[in-house]
Amino acid sequence: MTTDTTFQRARRPEHKQQRRDGILDAARELALRDGVRNVSLTDIAGRVGIHKSALLRYFETREQIFLELTAQSWLDWAGALHATLDTAAPGDPQLVADALARSFAGRPLLCDLIPHTALNHERHVSVDAVRRYKLTSLGAIDEVAALVQRLLPELTAGESREFVAAMATLAGALWQIANPPPAVAELYASDPRLAAACVDLTPRLQRTAAVLLAGLVPARTPAGG
């Protein structure tokens, strides 16, 4: 579905914001359907119903569009974890591990975007765009880390943040492995020798989260060490 194009060039502030939102919505829909790496600026412009040159009045580059989508995704992710964990009782590492694992596994767009952020999206935008994105993404991670520390008070603030950041990085990498192109998926299914290449995302994230939580306190460097 294309965005309403009754005003071909947005001039009023509310129209400009509507056009920006339409561009982000179009990029989100295409990325969910085709994968982030396969969506071009021309694809997004066509989905919105404007020329590519017009789209560049609202965003610096294709990468800035996806960087803003990633920032939105981090905020949605943190909000969902609040809804899941705010009323949970402290002291259950498995509950925390399951919640973090499912929070990523249930957000394929965020998982797809994470590895592209450092590899591509932050490299083709202005420094100000990177700053805005980093403040949002790091703020979301800190927010969830505070939730984790409330539920597992034996962890320090730094350990909670280390856990959340590690899970985010892992989710981005594992999602790519768990969602290969159709031809590769068919290859894995046809050759038993490649069975280990198949990753079931949620159980793998759950186990890794539990292992990380179990190891953070024993892994502390002794005082003076």
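Cluster membership check: M167 does not share its hydrophobic cluster with L138, using side-chain heavy-atom separations under 4.5 Å among Ile, Leu, Val, Met, Phe, Trp and Tyr. In the hydrophobic clustering of ILVMFWY residues, with side-chain heavy atoms under 4.5 Å counting as a link, L110 and L75 come out apart. Two different hydrophobic clusters hold L170 and V211 under the rule that ILVMFWY side chains link at heavy-atom gaps under 4.5 Å. The hydrophobic cluster containing I23 also contains L30, counting ILVMFWY residues as joined when their side-chain heavy atoms lie under 4.5 angstrom apart, directly or transitively. In the hydrophobic clustering of this structure, F66 groups with L55; members are Ile, Leu, Val, Met, Phe, Trp, Tyr whose side-chain heavy atoms approach within less than 4.5 Å, directly or through other members.
Heavy atoms only, all atoms of each residue included: L213 and A97 are closest at CD1-N, 4.0 Å. What you find for P192 and S190 is that their closest heavy atoms are CD-O, 3.7 Å. Closest approach of L109 to S73, counting heavy atoms only: CD2-OG, 4.3 Å. Taking each heavy atom of L151 and A88 in turn, the nearest pair found is CD2-O, 3.3 Å. The two residues I44 and A27 make their nearest non-hydrogen contact at CD1-CB, 3.8 Å. Across all non-hydrogen atoms, the minimal contact from A99 to L85 is CB-CD2, 3.8 Å.
E186 CD: 12 or fewer foreign heavy atoms inside a 6.0 Å radius. A 6.0 Å sphere centred on CZ of R207 holds no more than 12 heavy atoms belonging to other residues, nucleotides or ligands. By the 6.0 Å contact criterion, CZ on R204 is open, its count of non-hydrogen atoms from other residues, nucleotides or ligands being 12 or less.
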Run the numbers on L216 and L155 for side-chain contact (heavy atoms from CB on, under 4.5 Å), then give the verdict. CA-CA 8 Å; L216 280 167; L155 298 181; 4.0 Å; yes

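R161 and Q149 form no side-chain donor-acceptor contact under 3.5 Å, judged by distance and modelled atom types alone. Looking only at atom types and distance, the side chain of D76 has no donor-acceptor partner in the side chain of Q72 under 3.5 Å away. H82 and E143 share a donor-acceptor pair across their side chains, judged by distance under 3.5 Å alone. Inspection of the S103 and W77 side chains reveals an N or O donor paired with an N or O acceptor under 3.5 Å. In summary, the side chains of E63 and N120 do not present any donor paired with an acceptor at a separation below 3.5 Å, with no hydrogens or angles considered.
By the 4.5 Å heavy-atom criterion applied to side chains, I177 and L201 are not counted as neighbours. For the pair P93 and V96, the minimum side-chain heavy-atom distance is 4.5 Å or more. At a threshold of 4.5 Å between non-hydrogen side-chain atoms, the residues R20 and F59 count as touching. Here the side chains of Q64 and H124 are not in contact, with every heavy-atom distance at 4.5 Å or above. Between E159 and E154 the shortest side-chain heavy-atom distance does not fall below 4.5 Å.
For the pairing with T117, the side-chain contact (heavy atoms from CB on, under 4.5 Å) check across V36, V130, T70 returns one residue only, T70.
Put simply, the side chain of Q94 never gets that close to the backbone of A210: no donor and acceptor are under 3.5 Å apart. In this structure a side-chain-to-backbone donor-acceptor pair under 3.5 Å is missing from R47 to E29. In terms of modelled atom types and a separation under 3.5 Å, the side chain of T208 and the main chain of L205 share no donor-acceptor contact. Between the side chain of D200 and the main chain of P203, no donor-acceptor pair closer than 3.5 Å is present. For N38 (side chain) and D34 (main-chain N/O), a donor-acceptor pair under 3.5 Å exists by modelled atom type. With hydrogens and angles disregarded, no donor-acceptor distance shorter than 3.5 Å links the side chain of D142 to the backbone of G139. The main-chain N or O of A173 is never found under 3.5 Å from a side-chain atom of Q176 such that the two would form a donor-acceptor pair. For the pair R123 (side chain) and L119 (backbone), a donor-acceptor distance under 3.5 Å is present.
To the nearest 0.5 Å, atom CG of residue L113 and atom NE2 of residue H116 are 7.5 Å apart. Between atom CZ of residue R37 and atom CG of residue D112 there is a gap of 6.5 Å, rounded to the nearest 0.5 Å. With values rounded to the nearest 0.5 angstrom, L56 atom CG is found 12.5 Å from R62 atom CZ. From D98, atom CG reaches atom OG1 of T84 across 11.5 Å, with rounding to the nearest 0.5 Å. For the atom pair OG (S40) and NZ (K52), the distance works out to 7.5 Å, reported to the nearest 0.5 Å. How far OH of Y58 is from CG of D21: 11.5 Å, rounded to the nearest 0.5 Å.
Centroid-to-centroid, the aromatic rings of W175 and F104 stay 6.0 Å apart or farther.
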